[in-house]
Amino acid sequence: MSATWYEALPVYVRRAVIGQIGGVKPGPAATDPHTSCAAGIVIRGDGERVFLKASSRIRNPHSAASQGYEVIAANLVAPLGISPRLIRSLSVDEWSVLLVHEAPGRPADYSPGSADLPLLVQALRAVGTVQLAPGSGLPTVVDRFGPHLAPAHRSLLQGSSLLHYDVSPGNTRVSNDGTLALLDWGRASIGPAWVEAAGMYRWLVYAGHTHTSAMRWVLEVCPAWNSVSRSARSAYLAAARSEIPDPPEHCEGWLPLLVGSA
Ligand SMILES: Nc1ncnc2c1ncn2[C@@H]1O[C@H](COP(=O)(O)OP(=O)(O)OP(=O)(O)O)[C@@H](O)[C@H]1O
Ligand SMILES: [Mg+2]
């Protein structure tokens with residue numbers, strides 16, 4: 001068990017953490033240790049395990065800013081019981097720090113036939129029930145895409161649903177008792193609910209689904225999928241493929257999302 005990730009944090013950050021949750025021992029790292037961002041488990045005196053994520057606002061401003069969105073989303077989803085609870089968010093000098101209850105388990109298995117997929121659907125449907133008014137503090141899908149979305153397409157991606165918007169297997173945990181947790185709300189956004197299903201489609205295809213098999217789950221997450229216009233799907237795909245630095249052959253896997261659209 002390496003403690004390097006924790007010891008790489010400045011001593012004043014570690015002191016601030018201890019000031020909030022008491023003395024801790026470092027547990028396993030969640031990410032490789034580097035100097036601008038660190039994440040891993042810390043273990044409190046009573047044995048409770050807490051996930052700690054720290055980002056330097058100077059050296060990793062994007063990650064530090066996303067922590068602000070994680071805090072907003074944590075409050076919105078707390079009543080849904082689909083994510084570990086936020087314990088504290090701290091701002092210490094240039095560092096933003098989140099302390100979250102540990103979500104034990106393993107990343108969800110998105111492959112065809114996996115028993116984790118119904119759990120994922122249930123969690124994403126719960127997220128989609130949260131409706132937000134402007135001014136919630138989260139970016140819209142249009143904001144997220146920025147210059148990747150053609151100005152003429154902006155009106156096609158308007159919506160008021162909460163979106164996790166980053167539903168990769170690495171941002172999930174399934175515990176031994178079969179509970180799925182959605183983690184890492186740093187890309188939480190506001191937009192049309194179908195966009196979440198479209199984002200999930202990509203990860204299903206990467207996990208080995210055919211179009212037919214992936215669409216079964218898309219329709220479970222978003223029963224209204226077939227009423228999303230072809231132009232809206234097309235606008236989403238064009239922006240997403242422009243934004244995400246995946247190899248072109250991976251991006252090809254998304255194109256069937258246009259199949260069968262009106
Ligand atoms: N509450 C938690 N309990 C246990 N492990 C967690 C928890 N939250 C996140 N993790 C693990 O830590 C990893 C990194 O955390 P997270 O996904 O929040 O940050 P990130 O994607 O590395 O960073 P960034 O927020 O900068 O995008 C996750 O992929 C997951 O494996
Ligand atoms: Mg993540």
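Both counts, for ligands and for their atoms, begin at 1 and track the order of listing. Everything numeric in this text was worked out from a predicted model, so none of it was measured.
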From CE (M200) to CH2 (W217), nearest 0.5 Å: 8.5 Å
Q67 contact mode with ligand 1 (heavy-atom cut-off under 4.0 Å): neither
Row check, Y165 ring normal vs R202 NZ/CZ: under 6.0 Å, within 45°: no
A39 heavy atom under 4.0 Å from ligand 1: no
Whether D166 has an N, O or S atom under 2.8 Å from the Mg ion (ligand 2): no
Sub-6.0 Å ring centroid separation between H209 and Y201: no
D116 vs R106, side chain to side chain contact (heavy atoms under 4.5 Å, CB included): CA-CA, chis, key distance, verdict: CA-CA 11 Å; D116 296 346; R106 54 170 175 81; 2.7 Å; yes
Nearest neighbour of atom 13 (C) of ligand 1 from the list P107, A30, A29, on a heavy-atom basis: A30
Apex the Mg ion (ligand 2); atoms N171 OD1 and D184 OD2; angle rounded to 10 degrees: 90°
N171 N/O under 3.5 Å from ligand 1 N/O: yes
Verdict with reasoning, E70 to K53, per side chain to side chain contact (heavy atoms under 4.5 Å, CB included): CA-CA 11 Å; E70 291 201 55; K53 180 154 78 172; 2.7 Å; yes
Within-shell test, R173 vs ligand 1, heavy atom, strictly < 4.0 Å: yes
I58 versus P61, closest heavy-atom pair with distance: O-CD, 3.6 Å
Closest non-hydrogen atom pair, P169 against P107: O-CB, 3.5 Å
Passing candidate, side chain to side chain contact (heavy atoms under 4.5 Å, CB included) with I82, options V127, L180, T179: V127
Ion pair check, E102 and R85, cut-off under 4.0 Å: no
Residue-ligand contact G186/ligand 1, heavy atom below 4.0 Å: no
From CD (E94) to OH (Y12), nearest 0.5 Å: 4.5 Å
Ligand-residue contact atoms, ligand 1 with E102, heavy atoms, under 4.0 Å: 3 (N), 4 (C)
Proximal atoms of ligand 1 relative to S63 (non-hydrogen, under 4.0 Å): 26 (O)
Atoms of ligand 1 close to A103 [distance to a heavy atom under 4.0 angstrom, numbered from 1]: 1 (N), 2 (C), 3 (N), 4 (C)
Numbering as shown, the atoms of ligand 1 that approach P84 to under 4.0 Å (heavy-atom distance): 1 (N)
Numbering as shown, the atoms of ligand 1 that approach H101 to under 4.0 Å (heavy-atom distance): 1 (N)
Ligand 1 versus K53: contacting region, heavy-atom distance under 4.0 Å: side chain
Proximity flag H62 to ligand 1, non-hydrogen atoms under 4.0 Å: no
Element-labelled atoms of ligand 1 that are located less than 4.0 Å from some non-hydrogen atom of G170: 28 (C), 29 (O), 30 (C), 31 (O)
